[in-house]
Every structure is written in C-alpha cells, then in structure tokens.
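Written below as structure tokens is the structure these notes are about.
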2 protein chains.
Amino acid sequence: MSERASRRDAIVEAASQLFSRQGYVATSVRQIAEAVGVTEAALYYHFKDGKRELLSAVLAEHMPNLLESLSVCENAPSLDAFLDCFLHHVLGRGQQHMERLWWIATEFRRFNPQEQALVHEKYLTLFHHLEGVLRPFVGENALMLSWTLISLMFGYGQLFWLQGLQEVVDLPAERLIGFVMQLVGRAGLATDLG
Amino acid sequence: MSERASRRDAIVEAASQLFSRQGYVATSVRQIAEAVGVTEAALYYHFKDGKRELLSAVLAEHMPNLLESLSVCENAPSLDAFLDCFLHHVLGRGQQHMERLWWIATEFRRFNPQEQALVHEKYLTLFHHLEGVLRPFVGENALMLSWTLISLMFGYGQLFWLQGLQEVVDLPAERLIGFVMQLVGRAGLATDLG
DNA sequence: GTCTATAGTAAGATAGAC
DNA sequence: GTCTATCTTACTATAGAC
C-alpha cells in the first residue's frame, strides 16, 4: 500500500471515529487533522471537497456490515441455534461497532440521495439474506420475522446502548434473546400465521 | 398567560422543532430567533445561559409522553385489543412526534447527568405502566414482553421513519403489529415461559 | 423586553513555499 | 504531500440605547 493510500485511510478512520462519537456537525476538520497528526491543508489535499467528501468516504468505506454476523451463523442446525448465534453476534460486537451503526441512523438525513440509497440497499441485502436463512425454519413467516428481528435489535441497541438504559435496567441482551427465542419457538412458526 | 410567558414558550417551541429536525449543534441561535421573529439579544434575555439553557428547556417542556398512548388503551378487554390500540396509537402519532422521540435518542450523549436521568425516568415510568397493563394477560411474562414491545417500536420507528425504509419496503406498521399480535397470541403467554 | 451594534471565537477552506 | 499563513464566514454572546 502506498504512503498516500495509508495516510488517506488514516484520515477516513479518524473521521469515522469522531463522526460516530460526536456527530458530523460537531466534529471539525481541525479536530480530524489533529487526530491523524497532519495539518488541515494536508487533509484538503486528499479530500478536495473537504468535510462533505469525508462524510461520503466514511460512509462508503466504514459502513458496519451485519452480513458478517449472518454468514457466521447461517449454517446453524436449528432455528434456536441460529437465533442464539445471530443475535449474540450482532449485539455483542462492542461499543465502537454499535456507535457506527447508530450514527448512520442519526445522520441519515444529512446524506444525499445516492448515499441514502446505499444505506437502504445495505438493509435490504441484510433482510434478504436473513429471510433466506429463516425460510427453511418458518416458511412464509420468514419475511415478517426478519423485519421483526431487525427492528428489535435496532431498538434494543438504541435504548440500552446509546441511551444508556443498561445502567438503570438489568436487562442484558442475553435475556431479551432468550425471551424472543422462546416466543418464536412456542408460537410454532413452522406453519404459517394467518 | 403573560406576554413574557407566551414569548418564552414560542422560543422553546421553535427551538424544539429546529433541534429535532436538524440537531442541536446544527441549529444556530440566530435561526431560532428568526423563526420566532425576534433578535438574538431578545432571546438571551429569556435564556441567560443561551443555547445550552434552551436545550434543557426543550427537554423539560417538550418531551414526548408515551404514557398518553397507554392511558388511552389501558382498559382494553383483551391482550389483542390492547396491543392493537397501543401500537397503533404510538406509531400513528405523526412525523413531528416521532422526530422528537428519536431526537432525544440521538442527542442523549449531549445531556448532562440530571437530564439523562430524566429521560431514563420517563422510560422506566412507561415500562412500569406497560408492565402493569400486560400482567393480567401474560403474568410474569409482562416484564420481558414490555421491553420487547418498547424496543420493537423504537427500532421500527428508527428504520422506517427516520431512515426512510418506508419508501423502499412495503411494511406498514399495521402489518408488523398484526404479526406481533399473532406471535404473542400463538405463544400462549398466559402461562410463564421458562 | 426588544433593539442595534459589536466583540470574540472557531469554523471551513485556500495560496504558495518547501 | 505536507507545511505556514491567512482569508472569509458564521457562530455564541454581550453592552448599552430605547
């Protein structure tokens, strides 16, 4: 990798961390340059359109990929085993990964149409793969179950990670996962719901 | 109501709308003053500590109250009827209400400890009431079912409202509600889960 | 209470030397 | 490629007149 590429990558990496921790608007170009150890002028050499171009780069190169969690678990032998594996993997990826995931949600309105479409595409891809994995277990219910699980994971992360409910409510992801697994198991989704 | 109070309220109202649409950092005091039709100096007369005090005021006076949705539905005759009423009421409150709800999530880290505690308290109150309403129907499962529903609503709102998945996925809240209702019904939560 | 005028600061961005 | 130096603009906030 050339020096140019690695320096450029370092800038994107620093921007990604600062954006996801403080937000795009609250992060200054100065701050990013300092974090990397270069001046602002050097940064503008790599990104002619400045801060806005950096936002695009971060989105394009540092979007969290939930498909990894899926591919790790997709060969699980049972619905129970899959849910256990997948939910644990997604919710157990640590603070930084979570921050980036929810940063995209909070910053979504600032993206241009192409960038918004990119985000949508990522969700749809995740959904389609998830649906494909669930279908052998729950048939036609795979569609609704997929969106239910995705929404549930998102909401739990929002409330318990981002908004710190962890600190006042003793509800580890473990318990939520266990509850959902039993709910799904008991409902007998192998046959279609009305 | 005195002129002072109504002017003050108008400023808080304008700030609330702008904050929830653009974010706290991206909104300037100038912009708020213009929206109300006063100068910045006048605004600083009402809020000595400026923008930061405005954030506190917005949070204290314009926090969305989900308990209203609960009280409307709490006398429903069956679990089905309650879920139908509650989820529709929460998810059907319109764009502005939704925006304020998720704005709190995105801005949470900027709040001071007392303000964060206030937000937590609101969630806990909602949870306790929801649990109380569900308990007659599902017994000890009320605790987990409450957090599951709250997380699910949050996640759905985040994805389909805030991130505009509505536009690319045909999954109206109606269908998600229907699916969850049948899931819960089929699981037979009247008796405890493991 | 609300205004005009302005101080003081920090932001995004660029020119030109090396 | 990276630097120093600087420009322009926008922001938060305040002083003092009315």
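Please read all numbers here as calculations on a predicted model, not as lab measurements. Naming: A, B, ... by sequence-line order, numbering from 1 per chain.
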Whole-Å distance between C:dA11 C1' and A:L54 CG?
15 Å
Phosphate contact (C:dG1 OP1 or OP2) by B:Y45 side-chain N/O below 4.0 Å
yes
Please check if any side-chain donor atom of B:E53 sits under 3.5 Å from a side-chain acceptor atom of B:H46, or the reverse.
no
Which atom pairs link the protein and nucleotides 13-17 of chain D when you take only N or O atoms and keep those under 3.5 Å?
unit_1 : atom_1 : unit_2 : atom_2 : d
D:dA13 : OP2    : B:Y44  : OH     : 2.6
D:dA13 : OP2    : B:K51  : N      : 3.1
D:dA13 : O5'    : B:Y44  : OH     : 3.3

For residues A:F127 and A:H120, establish whether the separation of their ring centroids is below 6.0 Å.
no
Kindly point out which of D:dG1, C:dG1, C:dC3 is positioned nearest to the side chain of B:H46?
C:dG1
State whether the side chain of B:S151 and the backbone N or O of B:T148 hold a donor-acceptor pair below 3.5 Å, judged by distance alone.
no
Just the rounded figure in Å: distance from P of D:dT2 to CZ of A:R8.
13 Å
Does the plane of the ring in A:W103 sit parallel, tilted or perpendicular to the ring in A:F111? Use 30° and 60° as the thresholds.
perpendicular
Rounded to the Å, how far apart are B:F47 CZ and C:dT2 P?
11 Å
Paired with B:F86, the side chain to side chain contact (heavy atoms under 4.5 Å, CB included) test is passed by just one of B:L134, B:L130, B:L66, B:V72, namely B:L130
Whole-Å gap separating C1' (C:dG12) and CD (A:E53):
14 Å
Double-helix bend of the helix from C:dG1-D:dC18 to C:dC18-D:dG1, axes at both ends from 5 pairs, round to 10°, gives 0°
Contact check, side chains of B:L149 and B:L83, non-hydrogen atoms, under 4.5 Å
yes
Regarding B:T39, tell me which of base, sugar-phosphate or nothing describes its non-hydrogen contacts under 4.0 Å with the strands shown.
base
By nearest nucleotide on DNA chain C, pick out whichever of A:Y24 and B:G37 is the more 5' one.
B:G37
Nearest whole angstrom, please: distance from the P of C:dG1 to the CG of B:D9.
13 Å
